[in-house]
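Proteins come first, then strands; the chains are lettered A, B, ... in the order of their sequence lines, and each starts at number 1.
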Amino acid sequence: MQLGGVRARSRFRGTRAPVSVGSRSRRRRDGQPRNEEIDDVKSTERIGQRVSNLFGATLREAPAEVEIESHGLLLRAGYIRQLASGIFSYLPLAWRSLRKIEQVLREEMDRIGGQELSLPVVHPAELWQASGRWYDIDATMARFVDRRDRDMLLAMTHEEAVAFHVATEVQSYRQLPALVWQVQTKFRDELRSRGGLIRVREFLMKDSYSLDRDAAGLKVQYQAHYEAYERIGTRTGLPLTAVQSDAGMMGGKIAHEFMYVTPIGEDNLALCDACGYSANREVAEFRQKPAPGEPAELERVHTPGAATIADLAEQLGATADQTAKMVFYVGSFGGEGGERTERVVAAIVRGDLEANVIQVQNLSGALELRSASEEEIAATGMVPGFASPVGIDPDAAIFVVDKWVAKTPNLILGANEVDYHLRNVCSGRDYEPTVVGKVAAAYEGAPCARCGEPLRMVRGVEIGNIFQLGTRYTESMEARYTDEGGKGKPIWMGSYGIGLGRLLACIAEEHRDDDGLKLPVSVAPYHVGLIGLGKDDETHAIVEDVFQTLIEAGIEVLFDDRREQSPGVKLKDADLRGLPLRVVIGERSLKSGGAELRRRSDGEDRIIALENLVVEINGELDAMRVALEV
RNA sequence: CGGGGCGUAGCGCAGUCCGGUAGCGCACCUGCUUUGGGAGCAGGGGGUCGCCGGUUCGAAUCCGGCCGCCCCGACCA
């Protein structure tokens, strides 16, 4: 075979100092170049791909529906494609990146003693009926019936499956603590997907499950995960902020979310720069001093057309924080066997604050909460826009009253009569709350619960979360162990998740510029984008040889070997794909003394003699890796 | 599910109001020229105009129904 490599190499040797490390001709019988990665038994040591053969084209323009920069870039660079709403395919570039992310996760799970396993995506309904979630979770769970008429589901997460196996595999305290984990597909039929990989219905998740004898053991593994997640953020080049969070459908008490702070995020976060307090707005606490005062006599006042709290306060010469407002929901409550009942849930908060839906849901005990319609409100006897619990049947709704409202006398509330309000409403005297709690949501500038300094509200994307579940799932699956005294006890469980696609999307969001992606070395699908320029065969023969040399040296190379494309196209494509290093070899660079080596992150070109390329590239890669070390 | 928008070639779009042989740019294929920041010329391939039904001599275009996708909201480990 006289093609490509062999000729290239001899040509090359004749002109310049040797760089080759025993490169060989890599051609199929038909003379076409083939994928170097599969050319050799030691495939993992030789990773090279030709752009001419890369599955996944670049696009000059992003699809019209794209709203988020990183989403557009991942599409344009040929990393991902959409198959249906919220359902994406990972093309080879994204898949390589995800495998690199997975490797970081694997190393961090190994470090804290994890054992990797793989659990099914399809589960029998009984598993989830035992935990109760078959009934508690609504349409978000994808269900189907198999040919034997058995109820099945697509797993949204794997607590049940883990607890199921733990019940038979773990018998003794001698087997604890333990940690099992996997990377597995989850399916959640969310009402609405959004923003490319930011919120999807099918996704890859690293989920780990800690198993312990008691709460103290659980805390240890929880803390280990907390630290592992911080390292994962550092190693993948994504700044993460840990915030306290709601346990949601997972159950359990203590939970944190690891957030990437960005305006495109869908979660609201409260951060205190003074003391470091950080929490999801759903659970963020803040100081709210009840205004003291002697209860005064209830008074009905005319407030024509007072549509907003601001209007109302102005009409009555009051301030907004002397008012209260009602927010109406309809809660879905579970009963035995899974039937649901609906009740109106009426939240009462200070007039100028917002109700926190999650807290209302938790305080009311509802499984789900939705906004109430005007008709549903009217059915309770209250008048939308002028509502209050005063004079209303206490059983007409569940009255979830904010602590501040319950403690502050003489508030202004509706009179349940159009254009009329009541002054001097006092909780406990004029109406009876069903439940009192922290209903008001944190806001920009609210005094931090811990130190009193103003909170800052930002938005974030949830990359990962950690939960101290306790014994909820192990008890429902009867996963118990025998302690030293021969007593049977429930196993304590924690669960810990990280969304891989979401992580990749956020890394792309964080590391990009107008020209494309700028992926960290730990995540990029290849280390180097090699580009050959120029029209003469000699130059291209040299570039071919450099390609072989680099991959022989263990460097992962994406080689733009297209000769029919203009320089501009190849350079633009390379910028778009965002590999950490770019090597350009053309007649011009050869005249200057070799190859041009450039970091995608800063765009500085350096001329490197060909014989020094491997060393220089490895030096750059090492420096990049050091920067991502923990 | 409520509100809004969009479905015409792989991507970006025009044509739809006012019915009359389906177009443009990029991408793709062939040939020649071209190789340092999205090349030029010439030729070519590719579209049941989202689907179903209706009106009409004739429908991308008008009417009805449905489906899909995006955005906002609700919702969500």
Would you mind reading off the distance between [X] atom [atom1] and [N] atom [atom2], rounded to a whole angstrom?
| X | N | atom1 | atom2 | value |
| --- | --- | --- | --- | --- |
| A/Glu282 | B/A74 | CD | C1' | 14 Å |
| A/Leu91 | B/G10 | CG | P | 16 Å |
| A/Arg562 | B/G37 | CZ | C1' | 14 Å |
| A/Ile198 | B/C72 | CD1 | C1' | 17 Å |
| A/Phe88 | B/C69 | CZ | P | 11 Å |
| A/Gln361 | B/A74 | CD | P | 14 Å |
| A/Asp575 | B/G37 | CG | P | 12 Å |
| A/Asp605 | B/G37 | CG | P | 13 Å |

In whole angstrom, give me the gap between the [atom1] atoms of [N] and [M].
| N | M | atom1 | value |
| --- | --- | --- | --- |
| B/C41 | B/U34 | P | 15 Å |
| B/A59 | B/C13 | P | 29 Å |
| B/G5 | B/G10 | P | 27 Å |
| B/G12 | B/G38 | C1' | 15 Å |
| B/C32 | B/G37 | P | 25 Å |
| B/G58 | B/G53 | P | 15 Å |
| B/C49 | B/C6 | C1' | 14 Å |
| B/C57 | B/C1 | P | 39 Å |

Any [X] side-chain N or O less than 4.0 Å from OP1/OP2 of [N]:
| X | N | value |
| --- | --- | --- |
| A/Gln82 | B/G68 | no |
| A/Arg192 | B/C76 | no |
| A/Ser85 | B/C70 | yes |
| A/Lys535 | B/U35 | yes |

Given [options], the nucleotide with the shortest approach to the side chain of [X]:
| X | options | answer |
| --- | --- | --- |
| A/Arg194 | B/C72, B/G36, B/C69 | B/C72 |
| A/Leu191 | B/C69, B/C75, B/G37 | B/C75 |
| A/Glu61 | B/C72, B/G25, B/A39 | B/G25 |
| A/Glu190 | B/C69, B/C76, B/U35 | B/C76 |
| A/Glu65 | B/C28, B/G38, B/G12 | B/G12 |
| A/Arg199 | B/G36, B/C75, B/G38 | B/C75 |

Find the partner of [N]: check Watson-Crick (N1-N3 plus N6-O4 or O6-N4) and G-U wobble (N1-O2, O6-N3) distances, both under 3.5 Å, and reply none if neither fits.
| N | result |
| --- | --- |
| B/C69 | B/G5 |
| B/A60 | none |
| B/A14 | none |
| B/G19 | none |
| B/G43 | B/C29 |

Between A/Lys186 and A/His158: side-chain donor-acceptor atoms closer than 3.5 Å: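 Note: A/Lys186 and A/His158 side chains meet the donor-acceptor criterion.
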Please work out whether the ring planes of A/Phe258 and A/Tyr226 are parallel, tilted or perpendicular, with thresholds of 30° and 60°.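 Ring orientation, 0 to 90° scale: perpendicular.
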For [X], report the nucleic acid contact type (base, sugar-phosphate, nothing); a contact means any heavy atom under 4.0 Å.
| X | answer |
| --- | --- |
| A/Gly497 | nothing |
| A/Val584 | base |
| A/Thr539 | nothing |
| A/Leu369 | sugar-phosphate |
| A/Ser245 | nothing |
| A/Gly195 | sugar-phosphate |
| A/Ala62 | sugar-phosphate |

What I want to check is whether an N or O donor and acceptor connect the side chain of [X] with the base of [N] at under 3.5 Å.
| X | N | result |
| --- | --- | --- |
| A/Arg588 | B/G37 | no |
| A/Glu596 | B/G36 | yes |
| A/Arg76 | B/G10 | no |
| A/Arg60 | B/G37 | no |
| A/Asp573 | B/G38 | yes |

Does A/Asn465 or A/Ser371 map to a spot on RNA chain B nearer the 5' end, using the closest nucleotide for each?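 It is A/Ser371, whose closest nucleotide lies nearer the 5' terminus.
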Does A/Leu83 or A/Tyr209 map to a spot on RNA chain B nearer the 5' end, using the closest nucleotide for each?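 Between the two, 5'-proximity favours A/Leu83.
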Look only at the side chain of A/His256 and the backbone of A/Asn465, and say whether a donor-acceptor pair between them is shorter than 3.5 Å.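 Side chain of A/His256 to backbone of A/Asn465, a donor-acceptor pair under 3.5 Å: no, none is there.
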Taking NZ, NE, NH1 and NH2 as the nitrogens, is one of them in A/Asp605 or A/Arg599 under 4.0 Å from a carboxylate oxygen of the other?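 No, this pair does not count.
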Taking NZ, NE, NH1 and NH2 as the nitrogens, is one of them in A/Glu108 or A/Arg231 under 4.0 Å from a carboxylate oxygen of the other?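 Yes, this pair counts.
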A/Ser131 pairs by side chain to side chain donor-acceptor pair (under 3.5 Å) with which of A/Arg472, A/Glu475, A/Glu160?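 The side chain to side chain donor-acceptor pair (under 3.5 Å) with A/Ser131 is passed solely by A/Glu160 among A/Arg472, A/Glu475, A/Glu160.
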Checking side chain to side chain donor-acceptor pair (under 3.5 Å) against A/Asp573, which of A/Arg60, A/Gln565, A/Arg562 comes through?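 Only match with A/Asp573 under side chain to side chain donor-acceptor pair (under 3.5 Å): A/Arg562.
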Take atom CZ in A/Phe164; do more than 12 heavy atoms of anything else shown fall under 6.0 Å from it?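 No, because the 6.0 Å sphere around CZ of A/Phe164 holds 12 heavy atoms or fewer from other groups.
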Does NZ or CZ of A/Arg143 fall inside the cone over A/Trp128's six-membered ring, less than 6.0 Å from its centre and within 45° of the axis?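 No, A/Arg143 and A/Trp128 do not form such a contact.
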